[in-house]
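Single-structure report; data block below.
We count ligands from 1, going down the list as the structure has it; atoms in each ligand are counted the same way. Here, residue 1 is the first one in the sequence, and each next residue gets the next number.
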Amino acid sequence: MEILIETERLLIRELLPTDVEGMFDLDSNPEVHQYLGKQPVKSKEETLDVIDFIRQQYSDNGIARWVMVDKETNDFIGWTGFKYVTESTNNHVNYYDLGYRLRQKYWGKGIATEAAIACLNYGFNQLGFHEVFAMADCDNEGSNNILKKLGFSRIETFDLDGVPHHWYRLDKSDFNREK
Ligand SMILES: CC(C)(COP(=O)(O)OP(=O)(O)OC[C@H]1O[C@@H](n2cnc3c(N)ncnc32)[C@H](O)[C@@H]1OP(=O)(O)O)[C@@H](O)C(=O)NCCC(=O)NCCS
């Protein structure tokens, strides 16, 4: 499997059907889903459908979320990277969204930040992105902290299925200036 990005602690690559155990541990945890609509998965079949859905985006859009594994142990940490969003969200369509979701045992170690910086560098400077958007539930302190640390500008607050979310944008020039 091709490694797309290597950081100090992580290898970042495409998601595979063999990631089902790690993905199930991630998405069946209600705490992980606290700010994601509170609908954790209940079965590995559901997780396999999610994996298929993401892998289909690699074919359709040329990009989708990537997996982070621990460089030392090869353990599945979670996913990060970009989704090319083709359905209208906060009146935007056909844009790159940055996201991250980690298994709970990996929280609080700076991993989401480390991975996001590497993905943004890859997106802007290898894939030629000009701007990247992101959003987070206003109450999701961790995610909002990361986006601010990464240099994203908070543009506005909008309603996502009845839940207030912050909407962020980061331009290539601003990212490269702050690097
Ligand atoms: C949100 C999440 C990605 C954070 O990952 P992480 O690897 O623990 O984040 P980091 O360690 O890189 O933390 C980045 C900053 O946010 C802070 N932070 C992280 N989680 C926090 C929390 N729950 N509350 C307050 N601050 C938090 C950290 O202290 C750090 O700030 P600092 O550098 O000033 O100390 C992780 O908790 C997660 O996967 N949550 C479930 C899924 C999710 O909500 N995804 C985001 C959807 S928008």
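Using modelled atom types, one finds no donor on one side chain facing an acceptor on the other under 3.5 Å when comparing Asp70 with Tyr106.
Proximity of a side-chain donor or acceptor of Asn29 to a complementary backbone N or O of Pro40 within less than 3.5 Å is not detected.
Between Phe82 and Tyr96, the two ring planes are perpendicular [angle over 60°; tilted spans 30° to 60°]. Trp167 and His92 have tilted rings, their planes meeting at an angle from 30° to 60° on a 0 to 90° scale.
We find that Asp25 and Lys105 are not joined by a salt bridge, their nearest charged nitrogen and carboxylate oxygen being 4.0 Å or further apart. Ionic pairing of Glu21 and Lys44 is present here: one or more N-O contacts between side-chain nitrogen and carboxylate oxygen are shorter than 4.0 angstrom.
A distance limit of 4.0 angstrom between heavy atoms and ligand 1 selects the residues Val32, Leu36, Tyr100, Arg101, Leu102, Trp107, Gly108, Lys109, Gly110, Ile111, Ala112, Thr113, Met135, Ala136, Asn140, Glu141, Gly142, Ser143, Asn145, Ile146, Lys149.
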